[in-house]
Amino acid sequence: PARFTSKLRVIESSYLQRLRPALYDEVLGDGCLHGTRKDIVTDITERLASSESSKIIWLFGVAGSGKSTIANTVARLFRDLHRLGSFVIFNRDIPSNSDVVGVVHHIAHRIAESNVHARKALCDALAADATLTHADYRTQFQKLLVDPLAAAAPYIHGPVVMIIDALDECLDSPSRKALISLIASDMAELPPVFRLLITSRPDLDIARAFRFKSHITAQQLEIGTEDATNDILLYLRQRVDNLCHYRQIERPAEADIQLLAAQAGGLFVWAATAYKFMLELDRSKTKQVLEAEKTISKNLDPLYSMALNHAGDWTRADFSEPALLVLAFVVLTKEPLTDEVMTALLKNERGVRHVLHSLASVLQCIPGVPVRALHASFCDYLTDPERSGNQPWFLNADTQRQLSQVLTTRCLQLLTTKLRFNICNLEASHLRNTDILDLAERIVNGIPDELAYAAKHWAHHLSAVGSSDEVSFELDKFFQHSLLHWLEVISLLGQVGGALEAIAVAERYAQGKDPHLTTFLQNVMKLIDMHVPAITESMPQVYVSTSTDPLQSGIMAKYMIQFQLEDPLVQTWSSLLGKEQ
């Protein structure tokens with residue numbers, strides 16, 4: 001029997017050698033410090049251990065929020081229980097490990113090594129088809145993973161956990177798409193005893209594929225919460241205690257450590273970086289760093305400076321100009337914008353995406369997700385002359401005005417070129433906006449995010465602009481051609497309350513520069529003020545109600561000419577639709 005078993009193992013090993021598993025560094029990295037992340041680690045492990053939970057847990061969060069640390073902690077727990085089936089960690093610097101077939105082979109090989117029944121089923125499949133390892137990835141997934149795991153499942157008591165860490169760092173586009181598709185669909189066929197934990201940033205392609213899948217539980221790793229702050233406080237206490245013991249120095253006041261934890265903003269990577277920064281200082285300055293008000297109270301300025309300095313060559317205009325615009329988006333815009341919206345507003349897709357990639361250490365740069373500073377202090381750093389005044393990325397008042405001018409111009413140009421009559425294709429004028437059941441869907445389909453932003457916030461950027469011939473030209477063009485179309489969008493977005501203030505901003509800007517435009521805008525404000533309730537309640541009233549002009553200013557008659565209407569006083573919504581179509 002022993003000889004037979006030995007021979008069988010040799011035969012099985014020869015079959016397993018047909019696999020081409022991707023090679024991953026399976027030495028587990030640092031886990032969570034004792035006492036930190038207890039709630040989320042407990043929640044994840046309980047879900048993975050429960051047969052009543054979803055088969056897959058997707059833990060997502062921003063860069064630096066601690067996802068990989070949690071994944072390593074969970075991996076250790078299940079490894080100690082002999083329940084860790086495989087651990088896959090992607091690294092953007094090792095593209096060869098992103099091959100989807102290599103991932104499938106790696107997981108199959110690891111599970112075959114630890115389970116005799118899975119190994120036998122896997123080897124039987126390989127023996128039956130010598131070309132199996134060259135089949136399409138879905139066939140291999142079924143034959144090398146699903147079928148062997150189904151054969152092994154009756155003999156396994158308790159969960160076998162597979163972990164895929166940093167899925168967002170799988171950068172090989174075809175393999176990434178294939179792997180995401182497998183997880184989102186085919187992995188639902190895995191036997192219930194096999195569980196999967198995935199960590200990643202909430203990249204758009206991953207989020208779209210994973211959300212609303214019954215076999216996937218999406219769990220966000222939030223930052224800025226009380227629990228996150230408390231965990232960071234515990235982390236810093238332990239690190240500081242060890243550092244003070246090692247250097248034989250007096251422990252700083254607890255209040256200083258608490259302030260440092262609060263300033264981390266719930267982001268573990270910044271707390272860890274601040275600690276590393278302490279380690280690099282000589283012994284005499286360690287306590288000074290921990291006195292938050294004197295050094296860390298200005299947050300992590302040296303780290304911001306280092307990150308920005310290494311982001312690109314600031315002496316080159318092809319980097320510095322788009323970089324400053326991207327930073328202006330983060331600092332000056334009224335709401336966070338996605339990379340797609342930035343690209344549409346700036347008409348520079350390659351430049352914007354390159355800069356966002358370069359600034360990923362200080363910005364949350366996730367495709368399709370609003371770009372934000374990783375820490376609230378970053379915006380203050382960029383605009384404070386005492387903190388970054390001598391740096392090329394400093395956004396002083398003049399630079400902010402120049403950037404506001406660019407943003408104003410881009411917004412107005414976008415509105416003038418993209419706005420149109422009945423942009424959401426409404427069929428009737430008798431319904432209030434709130435009565436249109438599919439209005440939200442119509443807005444998504446008809447008003448792109450960049451157009452919505454421009455419609456809501458062009459005046460905010462205009463208010464910070466000095467005199468500019470380009471802005472004056474675009475402003476006049478906008479009001480001469482797109483006023484009613486803009487009011488239409490503003491009504492649909494529920495922003496009519498800000499319309500009069502926006503026009504007032506434009507009127508103040510035009511004063512002393514363009515008397516004709518100033519008078520025009522004053523009349524527009526009076527006329528629109530009469531119809532605010534109607535426009536707020538129903539978008540078609542932008543055209544129907546304002547067709548009357550008690551002021552006899554000729555403004556509405558001028559706009560109605562655009563629809564080629566002979567008598568705007570008697571026109572109906574249906575006739576307006578007919579003229580446009």
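Hydrogens, waters and symmetry mates are skipped; everything else that's a heavy atom, side chains included, is used. One is the number of the first residue; the rest follow in order along the sequence. What you are looking at is a predicted structure, and each value in this text was computed from that prediction instead of being measured.
Not a single donor-acceptor pair under 3.5 Å links the side chain of Q511 to the backbone N or O of T518. Remark: the backbone N or O of L395 is paired with a side-chain donor or acceptor of Q400 at under 3.5 angstrom. Judged by distance alone, the side chain of D529 and the main-chain N or O of M525 form no donor-acceptor pair under 3.5 Å. At least one donor-acceptor pair under 3.5 Å links the side chain of N433 to the backbone N or O of S491. Side-chain atoms of S388 do not come within 3.5 Å of backbone N or O of F394 as any donor-acceptor pair. With hydrogens and angles ignored, the 3.5 Å screen pairs no side-chain donor or acceptor of T338 with any backbone N or O of G368. Checked by atom type and distance alone, the side chain of K67 never pairs as donor or acceptor with a backbone atom of S200 at under 3.5 Å. The closest donor-acceptor contact from the side chain of K513 to the backbone of Y509 lies under 3.5 Å. Side-chain atoms of H215 come within 3.5 Å of backbone atoms of I183 as a donor-acceptor pair (strictly under, hydrogens ignored). The closest donor-acceptor contact from the side chain of D165 to the backbone of T199 lies at 3.5 Å or more, if one exists at all.
Nearest heavy-atom pair, I180 versus A209, reported as atom, atom and distance to 0.1 Å: CG2-CB, 3.3 Å. A pairwise comparison of heavy atoms in N425 and R442 identifies O-NH1, 2.6 Å as the closest pair. Residues D231 and R37 approach most closely at OD2-N, 3.1 Å, considering heavy atoms. Here the closest non-hydrogen pair linking T217 and S54 is OG1-OG, 2.8 Å. The nearest pair of heavy atoms linking C424 to L492 is SG-CD1, 3.7 Å. The shortest heavy-atom contact between S175 and S98 is CB-O, 3.0 Å.
Cation-pi check for K477 over F473 is not met; the charged atom does not lie both under 6.0 angstrom from the ring centroid and within 45 degrees of its normal. A cation-pi arrangement is found for R211 relative to F60, the charged atom lying closer than 6.0 Å to the ring centre and inside a 45° cone about the ring normal.
With no hydrogens or angles considered, a side-chain donor-acceptor pair links T399 and N396 at under 3.5 Å. No side-chain N or O of Q541 forms a donor-acceptor pair with one of H531 less than 3.5 Å apart.
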Exercise. Yes or no on side-chain contact (heavy atoms from CB on, under 4.5 Å) for E450 and L414, after CA distance, side-chain angles and deciding distance?
Worked result: CA-CA 8 Å; E450 63 271 15; L414 189 65; 3.7 Å; yes
Exercise. Can you list the steps and then say if W58 with I206 is a side-chain contact (heavy atoms from CB on, under 4.5 Å)?
Worked result: CA-CA 10 Å; W58 172 41; I206 299 175; 3.7 Å; yes
For this session: Could you give me the CA-CA distance, side-chain angles and deciding distance for N309 and W393, then say whether side-chain contact (heavy atoms from CB on, under 4.5 Å) is met?
Result: CA-CA 9 Å; N309 192 49; W393 47 79; 4.1 Å; yes
For this session: Decide yes or no on side-chain contact (heavy atoms from CB on, under 4.5 Å) for I40 and Q219, but give the supporting numbers first.
Result: CA-CA 10 Å; I40 191 164; Q219 185 164 347; 3.6 Å; yes
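Using a 4.5 Å cut-off on side-chain heavy atoms (C-beta onward), I423 and H485 make no contact. Residues I216 and I198 fail the side-chain proximity criterion, which asks for heavy atoms closer than 4.5 Å. Residues D449 and E340 have side chains not in contact (no heavy-atom distance under 4.5 Å, counting atoms from C-beta outward). A heavy-atom distance below 4.5 Å is found between the side chains of R387 and D380. Residues L359 and L327 form a side-chain contact, since some pair of their non-hydrogen atoms from C-beta on lies under 4.5 Å apart. Here the side chains of V331 and T383 are in contact, with some heavy-atom distance below 4.5 Å. Two residues are said to be in side-chain contact when any heavy atoms from C-beta on lie closer than 4.5 Å; L403 and L325 meet this criterion. Counting heavy atoms from C-beta outward, Q413 and E470 have side chains that approach closer than 4.5 Å.
Using bins of under 30°, 30° to 60° and over 60° for the plane-to-plane angle, the ring pair F319/W314 lands in the perpendicular bin. Between Y453 and H461, the ring-plane angle classifies as tilted under the 30° and 60° cut-offs.
The distance from the CG atom of L517 to the CD atom of E507 is 9.0 Å, given to the nearest 0.5 Å. A distance of 5.0 Å separates CG in L196 from CD1 in I164, rounded to the nearest 0.5 Å. One finds the OG1 atom of T229 at 11.5 Å from the CD atom of Q258 (value rounded to the nearest 0.5 Å). From L337, atom CG reaches atom CG of L345 across 6.5 Å, with rounding to the nearest 0.5 Å. Note that SG of C170 and NZ of K177 are 13.5 Å apart. Values are rounded to the nearest 0.5 Å. Distance check, rounded to the nearest 0.5 Å: CG of L59 to CD1 of I44 gives 4.5 Å.
The pair R353-D339 meets the salt-bridge criterion, with a side-chain N (NZ, NE, NH1 or NH2) lying under 4.0 Å from an Asp/Glu carboxylate O. Remark: E335 engages K456 in a salt bridge, criterion side-chain N to carboxylate O under 4.0 Å. In summary, E501 and R508 engage in a salt bridge, as defined by a charged side-chain N under 4.0 Å from a carboxylate O.
Counting non-hydrogen atoms of neighbouring residues, nucleotides and ligands closer than 6.0 angstrom, the CG atom of D438 exceeds 12 such neighbours.
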